[in-house]
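Quick notes on the structure that follows.
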Amino acid sequence: MSEGYYEHSNGNGTTNGTYGEGRSNAASPNGDSLHNSRAISPSGYPVKTEPGLNGNANAGSVQAQQPARKKLASWVGFSNLPNQVHRRSVRRGFQFVAMVVGESGLGKSTLINTLFETKLYQPKNVPAPGEDRGQTVQIESISAEIEENGVRLKLTVVDTPGFGDFVNNDESWKPIVDNIEARFDAYLEQENRVNRLKLVDNRVHACIYFIQPTGHSLKPIDIEFMRRLHTKVNLIPVIAKADTMTDDEIVLFKQRILSDIAHHGIRIFQPPQYENEDEETIQENEEIISKVPFAVVGSDTLVNSPDGRQVRGRAYPWGVIEVDNEDHCDFVKLRQMLVRTHMEELREHTNDVLYENYRTDKLKAMGVSQDETVFKETNPAAKQAEERALHEAKLAKMEAEMKMVFQQKVQEKEAKLKQSEEELYLRHREMKDALEKQRQELEDKKRRIESGRPLTPEKGSQKKRFGLGK
Ligand SMILES: Nc1nc2c(ncn2[C@@H]2O[C@H](COP(=O)(O)OP(=O)(O)OP(=O)(O)O)[C@@H](O)[C@H]2O)c(=O)[nH]1
């Protein structure tokens, strides 16, 4: 079936193999989550990468060996892997948490109901004039299990009623940041458990931020909120109730919003672009990017269009604005990005970048540190050479030590031998002296005998002679 090739990993976590005929788009419509290499830009969002070349992301580390390319003689079967992933994912189901933030009445509930084509939100009781609205921003979440073509999605929508509704909105962002961090903490706590098989992912994967359709520029509350949140959540700004503005006003407003966002260094979620993607996907992504911030219109009711169709939209005396018509608003593009093409990307970016950064900071603050060198990528040959050099240095050190000990022992032995030699020499001289003395005595004796003198003059005879003489 497959006339493909396989490659070993090039050590950078990327493979360049194709799926051949067995390629499946089921797990990911554009297949990108399965075969594209990725690099994370300093901004945290993936950027275009050259497959196989992103080893220089590890500057300073030793380059890994080139992968061996081998032709397959017959179909092995791993081209079916995407289908296996697809089946497993369908079995497990998906979890997605979306947060909606914006001032009251901007159409948040309506848009969520429109997005998922379900009455997730029931009409709320709007507080009567003078009725207590509460003092702080509330965090409320609604969950629902929705199913489409056998794929189950546990959708949680986190609402933030009260945001921007007070006289003083200085700290409106705080309860929201706290809630996002509490969700990260809950996930971290699960990860630290002994049994991590069933992790419930309640982290916020996307935050749709509703901008009031003023036509001016971003308000201080918008900037403050986005500045505080952009490192913790995928921000998706939308212009609420876009049907209240003309097309020209929308174009101008978008430009102002984008320049404000750039000016304040705010990172919003941008669909990443990867190399080797097909033309269609690239164009789709470009179209989505061109619509940011999405000018949306929400409606979960059907109205009659002038040409007699029943459409989701809003009816006005001057005509009908259709939610699902790309010429009328950007709702379709927002839904495409959020649900159809980039939901997995949003989940992945939340896990791999936003949560990872939070987790690292948190653990560091707790005093947990790690030895970075253990993750350094090394070339096995270089490592072997390094180990050999270390071993040789150790051997040389041992040899030098042994030599020193040997020399010391030799010196000691030599000193001992010298001492015993001197002792022997002394004894030898003593013996020689004694013998010499003995020899002289014997010589003396001999001379006496020969001369007829008594060997040893007797005391008595001498006395006698002396006596006789008298
Ligand atoms: N013109 C217009 N009106 C909208 C749009 N979306 C919602 N509305 C209307 O605006 C009103 C408020 O909508 P909601 O969806 O309840 O707004 P919300 O932001 O959830 O409000 P809170 O629940 O108070 O935070 C309702 O009357 C909606 O019918 C829209 O796109 N355009």
Side-chain angles (χ1 to χ4, degrees), residues 97-144 155-167 169 172-173 175-176 179 204 206-215 219 221-222 225 235-247 249-250 253-254 257 291 293-305 311-335 338:
V97 181
M99 181 180 253
V100 284
V101 185
E103 289 166 49
S104 182
L106 284 183
K108 301 184 292 290
S109 325
T110 312
L111 190 81
I112 290 295
N113 286 344
T114 320
L115 268 173
F116 295 98
E117 303 207 14
T118 169
K119 288 261 183 206
L120 200 64
Y121 272 104
Q122 299 306 322
K124 282 187 202 142
N125 293 326
V126 180
E131 198 182 323
D132 186 18
R133 285 170 172 263
Q135 291 302 305
T136 54
V137 175
Q138 306 293 305
I139 309 287
E140 294 170 1
S141 70
I142 306 171
S143 291
L155 174 71
T156 304
V157 178
V158 184
D159 196 1
T160 55
F163 178 85
D165 291 350
F166 307 104
V167 178
N169 291 305
S172 275
W173 51 269
I176 299 170
N179 185 270
V204 178
C207 173
I208 308 174
Y209 185 72
F210 287 68
I211 299 166
Q212 213 181 349
T214 58
K219 292 196 281 183
I221 186 174
D222 302 326
F225 175 82
L235 275 179
I236 302 174
V238 298
I239 299 171
K241 298 186 173 180
D243 52 324
T244 58
M245 297 172 81
T246 67
D247 286 352
E249 283 169 346
I250 287 174
F253 193 32
K254 279 188 180 186
I257 291 172
K291 298 288 179 192
F294 304 95
V296 293
V297 175
S299 168
D300 45 11
T301 50
L302 294 175
V303 291
N304 287 320
S305 70
V311 291
R312 292 197 303 171
R314 310 189 76 85
Y316 291 101
W318 41 260
V320 167
I321 185 148
E322 294 176 34
V323 168
D324 296 293
N325 188 333
E326 289 197 44
D327 294 333
H328 292 194
C329 70
D330 302 332
F331 170 79
V332 172
K333 281 282 172 276
L334 171 69
R335 184 181 56 194
L338 200 60

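The figures here come from the full heavy-atom set of this structure, side chains too, leaving out hydrogens, waters and symmetry mates. Throughout, numbering of the chain's residues begins at 1 and tracks the sequence. When a ligand or atom number is given, it counts from 1 through the structure's own listing order.
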Contact check: V297 vs ligand 1, nitrogen or oxygen atoms, below 3.5 angstrom: no
Among C329, G102, G298, closest by any non-hydrogen atom to atom 6 (N) of ligand 1: G298
V303 and V311, any side-chain heavy atoms less than 4.5 Å apart: yes
Nearest heavy-atom neighbours spanning S305 and E322: CB-OE2, 4.3 Å
Ligand 1 contact on T110 by region, counting heavy-atom pairs under 4.0 Å: both
More than 12 heavy atoms of other groups within 6.0 Å of N304 CG: yes
Reported NZ-to-CG distance for the pair K241 and L111, which is rounded to 0.5 angstrom: 12.0 Å
Nearest-0.5 Å distance, CD1 of residue I239 to NZ of residue K291: 11.5 Å
A240, A295, G105: member with heavy atom nearest to atom 12 (C) of ligand 1: G105
Heteroatom proximity flag, D159 to ligand 1, N/O under 3.5 Å: no
Distance-only N or O hit between ligand 1 and K108, under 3.5 Å: yes
Parallel, tilted or perpendicular: ring planes of F163 versus Y209, cut at 30 and 60 degrees: perpendicular
Test item: T114 and R312 side chains (from C-beta on) under 4.5 Å apart, heavy atoms: yes
Polar contact flag for A242 and ligand 1 (N/O pairs, less than 3.5 Å): no
Heavy atom of P161, distance to ligand 1 below 4.0 Å: no
Whether Y316 lies under 4.0 Å from ligand 1, heavy atom: yes
